[in-house]
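Throughout, protein chains are lettered first and strands after them, A, B, ... in sequence-line order, and every chain is numbered starting at 1. Below, all heavy atoms of this structure are taken into account, side chains as well, without hydrogens, waters or symmetry copies.
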Number of protein chains: 2
Amino acid sequence: MAAGSRKATLHDVAKRAQVSVASVSNYLNDYPYMKAATRERIRKAIDELGYVANRQARNLRSGRTGLISLSLPDLNQIYFAELAEEMIKQAREHGYRVIIESTGNDRRREIDSARAMASNMTDGLILSPTQLRAEDVHELEGDYPLVILGERVFGAPAPHVLIANEAAAQAATEHLLKAGCRTIAVIGGTLDDTVASSRSMRTKGYVAALADYGRPLRPELIREIGDWTSAEGAKAVRDMYAQGIRPDGIFALNDLLAMGVISQLREMRVRVPESVRVVGFDDIDEAKYTIPSLTTVDPDRAQVARLGIESILSQLEAGGRAPRSRIDVAFRLRYRDSSPRV
Amino acid sequence: MAAGSRKATLHDVAKRAQVSVASVSNYLNDYPYMKAATRERIRKAIDELGYVANRQARNLRSGRTGLISLSLPDLNQIYFAELAEEMIKQAREHGYRVIIESTGNDRRREIDSARAMASNMTDGLILSPTQLRAEDVHELEGDYPLVILGERVFGAPAPHVLIANEAAAQAATEHLLKAGCRTIAVIGGTLDDTVASSRSMRTKGYVAALADYGRPLRPELIREIGDWTSAEGAKAVRDMYAQGIRPDGIFALNDLLAMGVISQLREMRVRVPESVRVVGFDDIDEAKYTIPSLTTVDPDRAQVARLGIESILSQLEAGGRAPRSRIDVAFRLRYRDSSPRV
DNA sequence: TTGAAAGCGCTAACAC
DNA sequence: GTGTTAGCGCTTTCAA
């Protein structure tokens with residue numbers, strides 16, 4: 001494109017190639033019935049003018065934007081950052097781009113993410129709410145493609161992609177039981193199940209595994225925490241030992257907690273995995289690199305991303321919101337050195 | 001909005017309020033000269049119809065999208081995830097949203113991020129290249145608002161936001177020198193400065209600090225690594241000790257490396273900070289929570305984000321690309337427990 | 001203070 | 001095969 005000239009339009013290309021704008025549009029959209037000569041003239045004109053189609057005009061006309069909204073609690077949480085990365089990858093493979101909204105666990109902003117959909121700025125919304133209440137579900141009504149992530153909202157009028165928090169926690173606990181653990185602590189657990197959250201679901205899985213094995217549930221082994229940081233994981237271990245509790249297995253409800261747990265145990269010269277086996281949750285990048293490397297639940301972010309994006313695209317193709325449904329994502333246990341292989 | 005009806009347009013509102021579309025448009029854009037009665041009729045009609053303006057139409061007409069492109073290497077790297085979070089926050093404060101592109105350190109995709117700007121899909125681009133070459137700089141030409149992040153490309157025809165890698169590394173090293181360290185290792189450093197990268201810049205700062213203090217540069221203290229993971233940090237320490245090297249200060253070129261360093265030292269029963277002082281770089285969330293908490297360089301992501309977004313917006317206001325310039329971001333040392341306070 | 005009308009740049013009928 | 005034309009839904013002169 002000649003510097004200084006205004007941006008070329010379809011019209012300019014048509015004029016230069018001596019064809020109609022429709023032909024140029026057809027060319028751009030790979031219309032098959034076109035003489036090679038015409039095609040070539042258009043190609044040349046586009047090339048000479050450095051023409052690039054204006055997305056906004058195309059969007060207005062076609063009603064599509066090629067954009068998907070992804071609304072997550074917080075990119076500072078590694079899990080969500082890694083999920084966002086996968087979403088971007090998946091979207092790109094389908095020719096889509098992603099607008100990321102970070103709600104900061106703010107109910108208002110979770111609602112706003114949904115409301116923004118009324119303005120047709122993007123083709124669909126993937127929403128991971130943490131604060132939305134049952135009474136807010138009507139905010140999610142609409143005809144636009146929507147996918148809900150996570151445990152928080154049920155009854156939303158849309159497909160719902162769920163990681164198997166409960167089953168995965170049960171499997172992780174079972175893994176410890178099979179390894180011979182008799183006293184298994186849960187770091188980050190809670191018996192409060194008034195709201196569904198990943199911590200309550202994961203705790204349920206733990207409880208279920210104990211029940212399956214006929215083991216008693218000892219509430220003092222369920223250690224509530226504040227933030228999901230390694231410091232909290234370390235502190236939970238210190239507190240537990242100070243109270244005279246000596247677990248031989250520890251299930252940390254996320255990997256950062258688990259890193260704190262391992263580091264505290266090493267500090268106290270408790271051997272991992274010989275004396276205490278440790279399992280985490282999330283399979284963040286770093287889990288491979290801790291010492292010892294961390295056995296953990298891989299909730300298959302790639303799959304969550306794939307299912308989420310594909311659902312949006314199929315809703316789009318179908319011309320509107322899919323009915324409420326539940327899509328479960330399989331998890332995998334990643335066996336590493338913090339627990340004995342099975 | 002009545003369920004089932006198609007989305008209301010400006011036209012519908014105008015008809016219902018018995019005014020022209022222009023008046024409704026004026027209303028939406030806070031045009032001041034309007035009779036209260038008219039205003040009220042429009043407000044009511046909008047309310048009754050549940051009207052929300054179509055962004056695409058508005059964009060086409062106004063030439064603005066309210067979107068900024070942010071192109072980063074990889075959200076799995078905590079630094080970039082936290083930077084993205086800040087960018088989203090800053091953008092939101094100005095009424096903008098952010099499309100995040102993850103290039104995966106792929107030169108092709110870094111170039112594509114720039115090329116995509118020709119289609120007017122977003123109002124500006126903030127690009128953090130890691131693979132772009134001098135010969136690619138012409139790809140960055142154009143009239144759209146652009147900001148470059150990082151050391152990789154110089155001579156780009158746009159404002160360039162730089163964190164003070166060299167000065168910050170120098171200050172971190174000085175901090176160790178002042179604390180009495182005589183043998184300071186750099187984990188992740190390199191003396192290869194054929195390409196400017198954060199590791200080469202940071203190593204330069206280290207070298208400069210030693211020179212200032214009249215200390216010899218001992219190449220065996222500069223430990224190259226593979227990935228920026230805690231495992232590599234731990235391994236570097238093990239290797240160093242295996243070679244009989246006994247540093248009393250360690251400067252890890254990012255926090256993940258530092259976490260591995262600390263964990264390995266504790267494993268070896270080397271006391272931090274008493275026997276070895278450790279300093280990191282990045283000030284990721286977790287740095288506050290390691291044990292001991294990590295002294296590190298805070299490169300002020302919030303500032304990088306603020307300056308980046310504000311530059312885009314001021315270019316937008318000015319109607320086009322700002323000339324090449326260099327915007328330096330001040331760093332801060334965060335003194336924590338892995339080194340003695342000063 | 002309000003309205004009519006002309007597009008923004010493109011796509012999609014439909015005609016030829 | 002290719003061209004003509006009517007919009008997509010909004011903003012923006014300009015006139016009244």
**Prompt:** Do you see a donor-acceptor pair shorter than 3.5 Å between the side chains of A:Asp123 and A:Thr65?
**Reply:**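 Result is yes, a qualifying pair exists.
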If I take atom [atom1] in residue [X] and atom [atom2] in nucleotide [N], what distance separates them, rounded to the nearest angstrom?
{"X": "B:Leu60", "N": "D:dG9", "atom1": "CG", "atom2": "P", "value": "12 Å"}
{"X": "A:His11", "N": "C:dG7", "atom1": "NE2", "atom2": "P", "value": "12 Å"}
{"X": "A:Tyr27", "N": "D:dG3", "atom1": "OH", "atom2": "P", "value": "15 Å"}
{"X": "A:Lys15", "N": "D:dT4", "atom1": "NZ", "atom2": "P", "value": "14 Å"}
{"X": "B:Gln56", "N": "C:dC8", "atom1": "CD", "atom2": "C1'", "value": "14 Å"}
{"X": "A:Asn59", "N": "C:dG9", "atom1": "CG", "atom2": "P", "value": "14 Å"}
{"X": "B:Asp30", "N": "D:dT11", "atom1": "CG", "atom2": "C1'", "value": "14 Å"}
{"X": "B:Lys7", "N": "D:dC8", "atom1": "NZ", "atom2": "P", "value": "16 Å"}

**Request:** Please determine if A:Glu40 and A:Lys44 form a salt bridge, counting it only when a charged side-chain N lies under 4.0 Å from a carboxylate O.
**Result:**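 A:Lys44 and A:Glu40: not salt-bridged.
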**Item:** N-O pairing of A:Arg92 and B:Glu101 below 4.0 Å
**Value:**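 Salt bridge between A:Arg92 and B:Glu101, a charged N being under 4.0 Å from a carboxylate O: yes.
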**Message:** Rounding to 10°, can you tell me the angle the first-five-pair axis of the helix from C:dT1-D:dA16 to C:dC16-D:dG1 makes with its last-five-pair axis?
**Reply:**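 Axis angle across the helix from C:dT1-D:dA16 to C:dC16-D:dG1, nearest 10°: 40°.
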**Request:** Show your reasoning for whether side-chain contact (heavy atoms from CB on, under 4.5 Å) applies to B:Asn54 and B:Leu10.
**Result:** CA-CA 9 Å; B:Asn54 181 319; B:Leu10 240 209; over 6 Å; no
**Message:** Can you give me the closest heavy-atom contact between A:Asn105 and A:Gln131, atom names plus distance?
**Reply:**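 Minimum heavy-atom separation between A:Asn105 and A:Gln131: O-CG, 3.2 Å.
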**Request:** Specify the closest pair of heavy atoms between A:Ala91 and A:Val98, including all atoms of both residues, with the distance to one decimal.
**Result:**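 Shortest heavy-atom separation between A:Ala91 and A:Val98 comes out as CB-CG2, 3.5 Å.
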**Item:** salt bridge (charged side-chain N to carboxylate O under 4.0 Å, His left out) evaluation trace for B:Arg301 with B:Glu82
**Value:** CA-CA 8 Å; B:Arg301 280 174 286 278; B:Glu82 295 189 358; 3.1 Å; yes
**Request:** Go along nucleotides 11-16 of chain C 5' to 3' and tag each nucleotide: B for a protein heavy atom under 4.0 Å from its base, S when only backbone or sugar atoms are that close, - otherwise.
**Result:** BB----
**Request:** In sequence, state the C-alpha distance, the side-chain angles, and the governing distance for B:Glu110 and B:Ser71, and then conclude on side-chain hydrogen bond (donor to acceptor under 3.5 Å, both in side chains).
**Result:** CA-CA 7 Å; B:Glu110 292 177 356; B:Ser71 184; over 6 Å; no
**Asked** Quick one: on DNA chain C, does A:Asn54 or B:Arg41 contact a more 5' nucleotide (nearest heavy atom)?
**Response**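 The residue mapped nearer the 5' terminus is B:Arg41.
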**Matching residue for B:Glu48 among B:Arg16, B:Lys15, B:Arg41, B:Arg43 - test: salt bridge (charged side-chain N to carboxylate O under 4.0 Å, His left out)** =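 By the salt bridge (charged side-chain N to carboxylate O under 4.0 Å, His left out) criterion, B:Glu48 pairs with just one of B:Arg16, B:Lys15, B:Arg41, B:Arg43: B:Arg16.
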